[in-house]
Protein chains: 2
Amino acid sequence: MKGCEHEALHDDLAERARQSMPDDESILSLAAAFKAISEPSRLKILFALRQGEMCVYHITRAVGSTQSAVSHQLRILREGHIIRARRDGQNIVYSLADAHVVAVLALACEHLNCAF
Amino acid sequence: MKGCEHEALHDDLAERARQSMPDDESILSLAAAFKAISEPSRLKILFALRQGEMCVYHITRAVGSTQSAVSHQLRILREGHIIRARRDGQNIVYSLADAHVVAVLALACEHLNCAF
DNA sequence: TTAGAATATGAATAAGTGTTCATATATTCT
DNA sequence: AGAATATATGAACACTTATTCATATTCTAA
């Protein structure tokens with residue numbers, strides 16, 4: 001494999017791309033963030049939280065899953081800085097971390113011609 | 001588990017969330033799109049393609065992987081409608097599908113306080 | 001402080017996924 | 001047409017991950 005060498009210009013392009021590549025740590029952080037929102041069960045949680053902050057029980061009802069499964073997923077979303085947790089008495093209330101999350105969801109829906 | 005029933009208001013919230021939940025097909029499409037951009041190796045390809053369209057050989061060089069691995073990853077990105085393929089003689093030239101991709105990457109970088 | 005309720009977590013299992021190796025397909029050149 | 005090149009693909013293996021079940025933790029109320 002030698003590539004389209006008739007366009008030596010592209011060798012430069014590849015070299016520039018290699019040099020401007022983010023470091024592994026940044027790539028891993030980005031991957032973790034996207035991975036957090038790339039599972040159907042977690043996406044459902046995010047769509048639920050778009051309606052407003054909710055405790056675990058209500059999230060569980062909104063997405064139609066079990067308490068344990070939701071709790072595990074919430075942890076991943078929390079660690080990916082996609083959602084925030086706040087204690088309110090006996091409950092823990094979750095909400096979307098910031099406007100970026102809503103914006104990314106909106107962009108993706110637009111990208112796929114969804115209606116959300 | 002009964003939830004924070006002292007705020008009967010949240011029962012309505014959960015119910016509204018349940019009703020406004022996108023259908024499973026939409027959720028799966030979204031998940032597939034995000035999953036496509038949630039792997040370090042594929043993210044590197046996207047960052048490479050931000051420099052401009054490239055053939056497989058140059059992508060391989062830019063990300064420092066093997067031809068086969070890159071080809072498999074390109075398929076996933078293609079099927080997730082993240083990138084476009086176009087034949088140019090003996091080569092296949094890949095490029096980012098649309099501005100949404102760049103925008104999502106930028107938002108995520110902003111979200112994580114990255115510099116890209 | 002003890003009982004009860006809401007949420008979190010560890011272990012186990014089942015399903016999904018990335019890479020490698022070998023090979024197939026498609027295109028160009030002679 | 002045949003050889004050479006660029007890219008794609010199938011199978012296999014290692015690794016990751018989502019869910020379930022049982023249990024732990026953290027808070028409130030009495």
Side-chain angles (χ1 to χ4, degrees), chain A residues 1-7 10-11 14 24 27-28 31-46 53-80 83-95, chain B residues 1-7 10-11 14 24 27-28 31-45 49 53-80 83-95:
Chain A
M1 178 174 57
K2 288 188 307 180
C4 37
E5 64 183 338
H6 57 287
E7 297 158 342
H10 282 184
D11 280 335
D24 282 2
I27 290 282
L28 282 175
F34 284 128
K35 196 164 295 188
I37 64 174
S38 70
E39 211 61 23
S41 42
R42 291 194 288 270
L43 272 176
K44 284 187 183 177
I45 292 178
L46 298 184
E53 61 173 18
M54 267 183 243
C55 72
V56 177
Y57 171 67
H58 285 129
I59 295 173
T60 301
R61 292 236 327 233
V63 306
S65 180
T66 69
Q67 182 268 319
S68 182
V70 167
S71 209
H72 278 293
Q73 291 148 4
L74 287 171
R75 180 146 92 104
I76 294 174
L77 289 169
R78 224 187 313 131
E79 288 174 354
I83 61 176
R84 283 197 193 314
R86 149 178 95 73
R87 183 172 277 281
D88 175 27
Q90 221 159 338
N91 302 298
I92 310 259
V93 179
Y94 284 94
S95 56
Chain B
M1 180 174 57
K2 290 189 306 178
C4 39
E5 65 182 338
H6 56 288
E7 296 155 344
H10 282 184
D11 280 335
D24 281 1
I27 290 282
L28 282 175
F34 284 128
K35 196 162 295 189
I37 65 176
S38 71
E39 211 61 22
S41 42
R42 290 194 288 271
L43 272 176
K44 284 187 182 175
I45 293 179
L49 291 180
E53 60 173 17
M54 268 183 240
C55 71
V56 176
Y57 171 68
H58 285 130
I59 295 173
T60 301
R61 293 236 327 234
V63 306
S65 180
T66 69
Q67 182 269 318
S68 183
V70 168
S71 210
H72 278 294
Q73 292 150 3
L74 287 172
R75 180 145 91 104
I76 294 174
L77 289 169
R78 225 186 313 131
E79 289 174 352
I83 61 177
R84 282 198 194 314
R86 151 177 94 73
R87 184 172 275 282
D88 175 27
Q90 220 159 339
N91 302 298
I92 309 258
V93 179
Y94 284 95
S95 56

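Keep in mind that this is a model prediction, so the values were computed, not measured. Proteins get letters first, then strands, A, B, ... in listed order; numbering begins at 1 in each.
Taking atom CG of L77(B) as the reference point, atom P of dT9(D) lies 14 Å away to the nearest angstrom. Between I92(B) atom CD1 and dT28(C) atom P there is a gap of 11 Å when expressed in whole angstrom units. For K44(B) and dG18(C), the NZ to P distance is 15 Å, given to the nearest whole Å. Put simply, OH on Y57(B) is 20 Å from P on dT28(C), counting in whole angstrom units. In this structure, the CG atom of L74(B) is 14 Å from the C1' atom of dT19(C), given to the nearest Å. Atom-to-atom, CG of L28(B) to P of dG16(C) comes out at 12 Å; the value is rounded to the nearest Å. Taking atom CZ of R86(B) as the reference point, atom C1' of dA8(D) lies 18 Å away to the nearest angstrom. Following rounding to the nearest Å, I76(B) (CD1) and dT9(D) (P) show an atom-to-atom distance of 12 Å.
In this structure, Y94(A) does not reach the dA6(C) phosphate: none of its side-chain N or O atoms is under 4.0 Å from OP1 or OP2. Considering only side-chain N and O atoms, R42(B) lies under 4.0 angstrom from the phosphate OP1 or OP2 of dG18(C).
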| said: Is there a side chain to side chain contact (heavy atoms under 4.5 Å, CB included) between M54(B) and V93(B)? Walk through the geometry before answering. | reply: CA-CA 5 Å; M54(B) 268 183 240; V93(B) 179; 5.8 Å; no
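Side-chain atoms of R42(B) do not come within 3.5 Å of backbone N or O of I76(B) as any donor-acceptor pair. A donor-acceptor pair is defined here as one N or O able to donate and one able to accept, closer than 3.5 Å; such a pair exists between the side chain of R87(B) and the backbone of G89(B). Side chain of S71(B) to backbone of S68(B): no donor-acceptor contact under 3.5 angstrom is found.
For the pair S95(B) and L49(B), the minimum side-chain heavy-atom distance is 4.5 Å or more. In this structure, the side chains of L43(B) and F34(A) come closer than 4.5 Å at one or more pairs of heavy atoms. A 4.5 Å side-chain heavy-atom check between V56(A) and H58(A) finds every atom pair outside the cut-off. Between K35(A) and K35(B) the shortest side-chain heavy-atom distance does not fall below 4.5 Å. Side-chain contact between I92(A) and Y94(A): present, with at least one pair of heavy atoms (C-beta onward) separated by less than 4.5 Å. Contact check for S41(B) versus V63(B): no side-chain heavy atoms found under the 4.5 Å cut-off.
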| field | Sugar-phosphate or base contact per nucleotide [nucleotides 20-30 of chain D; S, B, -; heavy atom under 4.0 Å] | value | BBB---SSS--
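For the helix from dT1(C)-dA30(D) to dT30(C)-dA1(D), the terminal axes (five pairs an end, C1' atoms, rotation from four pairs onto the next four) enclose an angle of 30°, given to 10 degrees.
No salt bridge links E53(B) with R84(B); every basic N to acidic carboxylate O contact stays at or beyond 4.0 Å.
Residues from residues 31-39 of chain B that place a heavy atom under 4.0 Å from any atom of DNA chain C, listed by number: K35(B), E39(B).
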